[in-house]
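Heads up, the thing below is written out as structure tokens.
All heavy atoms count here, side chains included; hydrogens, waters and symmetry mates do not. Since the structure is predicted, the reported quantities are computational estimates derived from the model, not experimental observations. Ligands are counted one by one from 1 in listed order, and the atoms in each one are counted from 1 as well.
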Amino acid sequence: MSRVVVISGGGTGIGRATAELFARGGDRVVLVGRRADPLKRTADEIAEAVRQDPGGDGPHAVGTGTGVGTGVGTGEVTTIAADVSETAGARHVRDVVAERFGRVDVLVNSAGGNAALGSPAGSGDPLDRTAEHWLGNFRSNVLTAVLLTEALRDLLASPGGRVVLVSSIAAYRGSGSGSYAASKAALHPYTYDLAAALGPRDVTVNAVAPGYVADTEFFRGTLAPERERTLVGQTLNGRAGVPGDVARTVHWLAAPESGHVTAQIIQVNGGAERGR
Ligand SMILES: NC(=O)c1ccc[n+]([C@@H]2O[C@H](COP(=O)([O-])OP(=O)(O)OC[C@H]3O[C@@H](n4cnc5c(N)ncnc54)[C@H](OP(=O)(O)O)[C@@H]3O)[C@@H](O)[C@H]2O)c1
């Protein structure tokens, strides 16, 4: 059965890899992000990658193009440009999805990022900067997930709907100044409460908490080589995560046979939470 899969942050990184995996399975994928151009490029590239290598195991889409892509013999990939940290953006996604598809089988909340990254250390009043980082991270990681989920809640397929949130190893280990880690940790009780609320509708709600994942836009060029070596060194298998590691876990959580897995936070980090 072709499912309707809404993926926030689907234009890049983990969300993009997840989108490709669902599209390869024939699902209809809706990519949500603020920037329309990368979203459309990604939709085309996924469609092209699937067309060129239908049996491939992805997710390693490459290619060029514009517009909305439709894979041959695979799921359709459409895009909605919206800032889902705002109620208006989340409502817009709901309206488009309701009109076009009428339901959501799988919702993946991958939109997010660390608002404290790339902010110049010495600029402005430290207290103002602290407020900016904490508010920014709660907007970027909590409101994006909560507002989109609440906006789409009534459209979730029942029985069988799936909600997946993307947390972080930072929720367990901290993130330096605390604000990013705290915002990801806030998703855990939301996962538990929503799982309890939606359980009677036979909808599961889980989160994945990745460790360091390379090949994303997350660090915006700020990751120093020695810091990267440290992060890889904390893993027990000695390598960085790749978007496909997380995508495959999300895909498994969304599978019909995973219906008894709910209210869980699944760590995908090569064992780095234990560290070395
Ligand atoms: N990479 C890592 O090492 C790592 C580790 C642990 C957890 N994570 C988490 O994994 C998730 C995916 O991140 P990533 O690593 O794949 O980085 P990424 O490539 O930067 O992806 C984040 C995506 O979220 C979208 N986004 C951000 N704010 C949004 C908003 N307000 N409304 C709609 N879309 C928004 C961005 O697109 P636009 O800018 O166009 O909106 C972008 O496509 C994030 O929640 C991140 O916190 C990442």
Side-chain angles (χ1 to χ4, degrees), residues 6-20 30-43 46 59 79-93 107-118 135-149 151 164-176 179-188 207-223 227-228 230-232 234-235 239-247 249-250 265-270 272-273:
V6 176
I7 304 179
S8 75
T12 63
I14 291 167
R16 173 189 169 127
T18 305
E20 184 176 337
V30 182
L31 310 178
V32 178
R34 290 167 300 188
R35 294 166 295 162
D37 287 349
L39 277 184
K40 287 189 171 139
R41 212 165 31 246
T42 295
I46 289 176
T79 64
I80 304 174
D83 181 346
V84 294
S85 70
E86 305 278 352
T87 52
R91 271 194 204 100
H92 176 60
V93 176
L107 168 61
V108 181
N109 289 292
S110 191
N114 188 344
L117 280 181
L135 287 169
N137 270 319
F138 271 72
R139 259 191 214 105
S140 178
N141 297 294
V142 182
L143 286 184
T144 52
V146 172
L147 293 181
L148 186 61
T149 303
V164 182
L165 297 98
V166 179
S167 175
S168 169
I169 191 172
Y172 298 90
R173 290 188 58 132
S175 57
S179 60
Y180 173 70
S183 69
K184 288 303 193 184
L187 296 177
H188 298 190
V208 291
Y212 165 55
V213 179
D215 301 331
T216 74
E217 294 185 359
F218 181 86
F219 291 96
R220 287 179 265 154
T222 64
L223 186 62
R227 175 68 182 147
E228 184 176 25
T230 300
L231 293 174
V232 170
Q234 287 168 350
T235 64
R239 71 162 174 89
V242 294
D245 291 322
V246 185
T249 306
V250 172
I265 316 295
I266 313 284
Q267 297 198 50
V268 183
N269 56 34
E273 187 245 349

_Less than 4.0 Å is my threshold; does some heavy atom of Gly113 fall inside it relative to ligand 1?_
yes
*asked:* Before you tell me yes or no, could you show the steps for Leu148 and Asn109 under side chain to side chain contact (heavy atoms under 4.5 Å, CB included), namely the whole-Å CA-CA distance, both residues' side-chain angles and the distance that decides it to 0.1 Å?
replied: CA-CA 8 Å; Leu148 186 61; Asn109 289 292; 3.8 Å; yes
Looking at [atom1] of [X] and [atom2] of [Y], how far apart are the two atoms once the value is rounded to the nearest 0.5 Å?
X: Ser8; Y: Leu107; atom1: OG; atom2: CG; value: 7.0 Å
X: Ile7; Y: Thr42; atom1: CD1; atom2: OG1; value: 11.0 Å
X: Ser183; Y: Leu143; atom1: OG; atom2: CG; value: 10.0 Å
X: Arg91; Y: Glu86; atom1: CZ; atom2: CD; value: 11.0 Å

Specify the protein heavy atom at minimum distance from [atom]: its residue, its atom name, and the distance to 0.1 Å.
atom: atom 48 (C) of ligand 1; answer: Phe218 CD1, 3.8 Å
atom: atom 26 (N) of ligand 1; answer: Ala111 CB, 3.7 Å
atom: atom 9 (C) of ligand 1; answer: Val166 CG1, 3.8 Å
atom: atom 3 (O) of ligand 1; answer: Val213 N, 2.8 Å
atom: atom 39 (O) of ligand 1; answer: Arg34 NH2, 3.0 Å
atom: atom 44 (C) of ligand 1; answer: Ser110 O, 3.2 Å
atom: atom 14 (P) of ligand 1; answer: Thr216 CB, 3.8 Å
atom: atom 23 (C) of ligand 1; answer: Gly9 CA, 3.6 Å

*asked:* Is the shortest side-chain heavy-atom distance between Thr18 and Ile14 below 4.5 Å?
replied: yes
*With the side chain counted from C-beta on, respond yes when Leu147 and Val84 share a heavy-atom pair under 4.5 Å apart, and no when they do not.*
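Side-chain contact under 4.5 Å: no.
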Out of [options], whose heavy atom sits nearest [atom]?
atom: atom 43 (O) of ligand 1; options: Leu231, Val268, Ile80, Thr12; result: Thr12
atom: atom 40 (O) of ligand 1; options: Arg220, Arg16, Arg35; result: Arg35
atom: atom 5 (C) of ligand 1; options: Ala209, Gly33, Gly211; result: Gly211

Answer with side chain, backbone, both or neither: which part of [X] has a heavy atom less than 4.0 angstrom from an atom of ligand 1?
X: Thr144; answer: side chain
X: Lys184; answer: side chain
X: Ser167; answer: backbone
X: Asn141; answer: side chain

*asked:* Using the rule given for side chain to side chain contact (heavy atoms under 4.5 Å, CB included), can you reason through Asn269 versus Arg173, listing the C-alpha separation, both sets of side-chain angles and the distance that settles it, and then say yes or no?
replied: CA-CA 12 Å; Asn269 56 34; Arg173 290 188 58 132; over 6 Å; no
Within the 4.0 Å heavy-atom shell around [X], which atoms of ligand 1 are there?
X: Ala82; result: 32 (N), 33 (C)
X: Gly13; result: 16 (O), 19 (O)
X: Asp83; result: 30 (C), 31 (N), 32 (N)
X: Phe219; result: 3 (O)
X: Tyr180; result: 7 (C), 8 (N), 9 (C), 46 (C), 47 (O)

Is there a donor-acceptor pair closer than 3.5 Å between any side-chain N or O of [X] and the backbone N or O of [Y]?
X: Ser167; Y: Ala209; result: no
X: Thr249; Y: Asp245; result: yes
X: Thr144; Y: Gly112; result: no

*asked:* Would you call the rings of Phe219 and Tyr212 parallel, tilted or perpendicular, taking 30° and 60° as the class edges?
replied: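 Rings of Phe219 and Tyr212: perpendicular, over 60°.
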*Kindly confirm or rule out an N or O of Val32 lying under 3.5 angstrom from an N or O of ligand 1.*
no
*Among Asn137, Asn114, Asn141, the one residue meeting side chain to side chain donor-acceptor pair (under 3.5 Å) with Ser179*: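 Only one option passes, and that is Asn137.
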